Structures are given as C-alpha cells and as structure tokens.
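As the structure is a computational prediction, the values presented were derived from the model and not from experiment. Note on naming: letters A, B, ... go to the chains in the order of the sequence lines (proteins, then strands), and numbering restarts at 1 for each one.
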There are 2 protein chains.
Amino acid sequence: MATIQDVAREAGVSTATVSRVFSAPDLVLEATRQKVMEAVQRLGYEPNFAAKSLRTLRTEKILVTVPDISNPFFSQVIRGVEEAALAAGYSVLLGDTRHEEAREEQYALMFRRKEADGLIFLGHRLPDVLAEMLAAKGPRTPIVNGCEFRPGLAVSSAHIDNERAAAEVMDHLYGLGHVRVGVVTGPLASPISSDRLAGVLTAAQRHGRASALRIAIGDFSIESGVRQAGGILDEPGRPTAIFCFSDEMAMGALEAIRQRGLDCPRDISLVGFDDIRFAQYLHPQLTTVRQPKEQIGHEVVRLLLDILAGRSTALQNITLPHQLVVRGSTAPPPA
Amino acid sequence: MATIQDVAREAGVSTATVSRVFSAPDLVLEATRQKVMEAVQRLGYEPNFAAKSLRTLRTEKILVTVPDISNPFFSQVIRGVEEAALAAGYSVLLGDTRHEEAREEQYALMFRRKEADGLIFLGHRLPDVLAEMLAAKGPRTPIVNGCEFRPGLAVSSAHIDNERAAAEVMDHLYGLGHVRVGVVTGPLASPISSDRLAGVLTAAQRHGRASALRIAIGDFSIESGVRQAGGILDEPGRPTAIFCFSDEMAMGALEAIRQRGLDCPRDISLVGFDDIRFAQYLHPQLTTVRQPKEQIGHEVVRLLLDILAGRSTALQNITLPHQLVVRGSTAPPPA
DNA sequence: GTTATCGATGAATTCGATTACATTGGAGCG
DNA sequence: CGCTCCAATGTAATCGAATTCATCGATAAC
C-alpha cells in the first residue's frame, strides 16, 4: 500500500501538501490539488488509519455494548446508533456482552485503551473501569447510556419513562375491567424492570388492586415468558390478564396460554413491551408499549457527540416519548 | 493517560523493557517484571492502541458487513462471529449496509484503509474496491463471505446447500400430497434465492409438478411476505401450500392467510426458511429449514483467521449441514 | 587466564500521517 | 523602490509503542 511519502514524491510536492489536500483543500492551489489527486489515483493511496489516529488521538469510532444483539429490540436501537454515527463520520464497534460482567469489563478496557472515542452502553451495569474513568474526568467523559436510566449513575442517557408507561398499561387493563393481573418482570437489578414494576404497583394501588397482583420474575427471554406466565396461570385464582416486560416474554406467555387450552384475548388478555417488529404479526396482534427504538439510538449518539465536541458540560438525561399501542391481545375479562 | 515512557521512568527501566513485559515476558527478569507491573498499576497505564497498531500494522479487528442487522437470522450469525472473534483476540467492527451499495463500498474503503485486519461480508454483492484488492492479492486477501456462495466469486465462504434444502422442502410438501405450491423467493440477484429456486424447480420437475408452481419475488421482509403470499392466494387455482424463502416472509404469509379467512395448516400449509428463534413460537409453529447460524459465524471467522495466519493458500467453500424442521404449519392438503 | 556465549537491558530507529513553524515569491502600498 | 503582508508550500518535530542492534556483566569452555 502506498504511503503519503510515495504520493508526495509522485506528485512532486511535500507530504504536508498531500495531507492538506485531504484535510484542508482550500489551503492548496487548485492546480496542485489536481496533481496530488492524480498521484493518489495512480497509486491507489488511502491514508493509513493507525498513523492518523496516533497523531490526532482520535479513532472516529464509537464502541457500543449491548446485552444481547439477537434481541430485536436492541438491534433496532443499534440501527439507530449506526445510522446517526455514520452520518457524523463515526463508525460503530459492536460488543455483545451476553449479559456477562466479564465481557462488559473487557469492552470497557478496549475503550480505555482508546480503541474508540466514545462508549455507549445499553445494559444497566456500569463496569468498574468506566466508573473509575468517570470519577476521574467527570461528566465530560464520553460515556453514555441508552435505555437504562438510574438517577445515581453519573452518565448522560436517553430512555423512556418506564414507570409511567407501565402504569399506563395497568390503567388500560383495569379500564377493561380486569381485577387479577399477572406481571412477568425482567431481572430487578435493572432499572428498566424496577421502574416498570414501580409503575405497576402505583397503578395497582391507585385502583385498589394491589393485593390481586401476581408478580413473577423473568429474564426477558421467550423461554422465561413460557415458564413464568405458565406458573402464574397454574396458581389458584388465575389472573385474567398478564403484562410481560418484553414482547419476547409475551410471545412465550402466548404459548403458555395456548398450552393450557386457553384463548387470548377471550380468557386471558396479554400485554408486551417494546413493540418489536414482530409484535403486530403475532396472533392475536400484541398490545404493547412502543419504544422509539431508533430514536433512542439517535439520541445517545447525539449526547455522545456533544461531549466529544465539548459542547456539553453537564449530564443530560433525556426522556423520549413512548406510546401504548392497543391491539387484539387485550379485551375485557370473561364474564 | 500514562504512556510507556512514563512507566519506564517510574520503574527506572527503558521503554523497551516495558514493552517486553507485555509482549515477551520471559525475556525479562522476574524482579524487573515486578517493578514494571507496579509502575503500570500506579499509573494506570494501558498501551495506546493506535501506536501499537501503527508499528505492527495490525488492528486485531474484523469488519463484518451485514445487509440488515435487525434481521434475527443475521444477528444470530453475527453472534457466532463475535464469539469466535473474541476467542481469538479479535473484536468486531459492525457495518449495517441496509442493502445499499453505497454503504457497502463505504465499508470496503474502511477495510482498505486498514481499519480492520479482515473483512466478512454477509451480503451477496462484492464491492468494487474489494474486487480490486482480490484481483491484486488473490486468495490470500483476508476477505470471506458468509451465507451467499457463488462459484465465480473469488472468496472463501461458509454456507449451507441452499439448493438441496429447498428441494427437501418441496419433497416434504409433495410427500404430503400437495400439488399446487406457491413460492415466495427473495431478490433473485442473490445466490441464496437463485440456488433455492433452482432446488424448487428441480424437485417440482422430478415430481412432475413444475407447471403447478406459482412463483412470486419478495425481499425477505415480513411486509413482502404479506404482499406476495397474498397475491398468490388471490389468483385462480390457489395453491394448497406456500414456501417462503425466509421465516419473516412466512410470518407475513401467515398474516395473509388469516386475512383471507383461511387456516394454516388446514387450508394452506406453510414453510419458512432459517429457523429464527421466533419460528417455533408462532401459531401454528412454523415448519422451516434450520440453518446453523452461529456455526456459520464460527466458520467464517475460522476461514478468515486461517488466511490471516498464512495457514491457507487456496479458496475454501464450506458447506454446513442444514435440517428440515417439520412443525405444525404443514399438513396434507384439504380433501 | 583469555575468549566465546548468553541473558538481560538500553539506545535509537521505525511505522505513516498531522501540524507548528519556517520559507518563498509576489501583490499591494506609500 | 523598498517594505509589509499573505498565500502557497516545505521542513521537521511529533504522536506512542515495537523492535533491531548494541552493550554489559557474568558464566562457561578451553
């Protein structure tokens, strides 16, 4: 591969001029620019990335860690991230942490080694390495969280109002006349789950139905939906509605409902969360909470770019709008 | 951030020794190693990636381009890639090309700029930039394809036998007694579609049913499944079975079947392709062809590492085993 | 006792681009 | 005509780590 020296020699100019042709073309005479570009063409020159990065201390990369890339919710968020990053001239380094702490730390080290200019993490755990960096540099550290807002966390973030969304779901169910409602949460360590659970409890109390709640803890997977919803359905005093904290768990719940010879929504109403692409193609179509997935991706990138450009000094925690999408899986309870 | 110079000064040794502590610890006296490691600890030193990369001309990164990251099939393959790459000390640079040629070229340029040691592309188009590189360096160019094998393409690849898999699907349907079969393909520019279509035609001819085929061209999306399967269902001489070249299109077909008041599998049998995680949670559970998605990911990485390590000189096109998974969406045609 | 050998370490070069600073030639001005 | 100023370009330092070659002391061999 040709280097900038080769191009300079070929074009009969200095390396400085060649460099300027790329980074500040208006400082170079048009005729010179032409000469250089011809040499570039002839040699098939591409600037070496490592050299540029070493000199400028920038990588033009954003590291994104995600608990599970095969989850359609996350992959939509990532799409948004990728789109916004590319538009700003950044590319995306992807890290699938598989919900494992060790991998989260591993990627955090990559970031500290300066393999990326910024880090976006979509999980709820802040790796120790990052916590140290944040403690040292404060809110100007280019680290941003998506989806999982927790007030104590010293990072900017973009997310929906999970508590309110969950309360709206419960209002919808109580409004239809349901009394006994089952809830399948995610792991309660994550704010995404605990906030939604708080919303569920608030709404239940407001409607005087707190004692009729059945809570089961899932892990956002389809299988845990089958298992946890199944458990709820098998208890005495079976609920007439189930609210799952993800659409995938709702898919599992639908299976559990069918396995027991029940019908959704006739016998059991079902609500999911996220509104993944598949939600509206289930049978019945799934009532769920739409998260602005790509927009979350755009926003976290914007927050990160603000930090990188030195435009922002204080933390920003952005709440994006969600929407309860009522479809065929919810109906009044059986008489 | 501390540099290697700082560490050397702090430990009272030269930078060469510090470097050796990391890359060839057995050349360094244990006592010296201790001293250096203490200095590293005290300063929180991490080697600068760009500097290392510039010197060694290696990035320890693999660039993976994928037509659509939000497609569960691809995200499973990527999981496999990520896992195998990480195990070998590489990290993954993700490029979502959104089926757009311009983005494919853009990522190809990134690769040429040496932002990654190797490239895995999961689409069917070989960007011009890559074709040039392959022409120049031959089969030792670290470029590998996943899923989309085409004999003329001068790259190694890992994929299933799409033609045979499609033929097996048709055998299954004809075996059940179906005569009129509808097929929803993907874009025929991709070998994945044309190979499968070839398998469909071969099997149909073998069974003497070629003239009873109905072919519609989709684009692998749910929506195109709804549309194309719907079109097939509305024609006179409606088929009793539909074979979609992706599970997502099959989901769409299921919707089209329901919209017409028909029942799957009583009126119409349905087969998908890929066996994405959701296939077995549809209602009815979807008969489909299981692709070894994570294994494809592992294999393409292995192929790439072989090239990078200089272990392989010739092209390798690896065919991995698929499996027809018969579930509830296929049954004999109505009497 | 002299010399070859080896293990441990340091000095200095190198990777390829960016950029602060220096230089050059010509235009503009009094 | 001489001076300033500016546009265009060149020179050379720099980024941080890896690595080649040199050095030094100690041991082994004869």
For the backbone of [Y] and the side chain of [X], can you confirm whether one donor and one acceptor N or O come within less than 3.5 Å of each other?
X         : Y         : answer
Thr65(B)  : Gly95(B)  : no
Thr15(A)  : Ala8(A)   : no
Asp6(A)   : Thr3(A)   : yes
Glu148(A) : Ile192(A) : yes
Ser53(A)  : Ala50(A)  : no
Glu299(B) : Ala158(B) : no

Close side-chain approach of [X] to [Y], heavy-atom, < 4.5 Å:
X         : Y         : value
Leu122(B) : Ile78(B)  : yes
His298(B) : Arg302(B) : no
Asp306(A) : Gln316(A) : yes

Taking Glu101(A) first and then Arg125(A), would you say they form a salt bridge - that is, a charged N and a carboxylate O separated by under 4.0 Å?
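So Glu101(A) pairs with Arg125(A) through a salt bridge.
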Should the pair Glu104(B)-Arg98(B) be classified as a salt bridge under the 4.0 Å nitrogen-to-oxygen rule?
no
Nucleotide range of DNA chain C lying under 4.0 Å from chain B heavy atoms:
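In short, chain B contacts DNA chain C from dA8(C) to dG16(C).
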Let me know, please, whether Leu27(B) or Thr3(A) comes out on the 5' side of the other along DNA chain C by nearest nucleotide.
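This one resolves to Leu27(B).
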Go nucleotide by nucleotide along DNA chain C from the 5' end; which of Asp26(B) and Thr56(B) gets its closest nucleotide reached first?
Asp26(B)
Where does the chain B footprint on DNA chain D start and end, counting 5' to 3' with a 4.0 Å heavy-atom cut-off?
dG16(D) to dT19(D)
For DNA chain D, determine which residues of residues 42-51 of chain B have any heavy atom closer than 4.0 angstrom to one of its atoms, and list them numerically.
Tyr45(B), Glu46(B), Pro47(B), Asn48(B), Ala51(B)
For DNA chain D, find the residues of residues 13-22 of chain A with a heavy-atom distance under 4.0 Å and give them by number; none if there aren't any.
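Here the set is Val13(A), Ser14(A), Thr15(A), Ala16(A), Thr17(A), Arg20(A).
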Please name all residues satisfying ring pair (Phe, Tyr, Trp, His ring centres under 6.0 Å) with Phe149(A), sequence neighbours left out, ordered by chain then number.
His159(A)
For a quick check of understanding: with a heavy-atom distance under 4.0 Å over all strands, which category does [X] fall into, base, sugar-phosphate or nothing?
X        : result
Ser23(A) : nothing
Leu54(B) : base
Ser53(B) : nothing

Apply salt bridge (charged side-chain N to carboxylate O under 4.0 Å, His left out) to Arg55(B) and list each qualifying residue two or more places apart in sequence or on a separate chain.
none
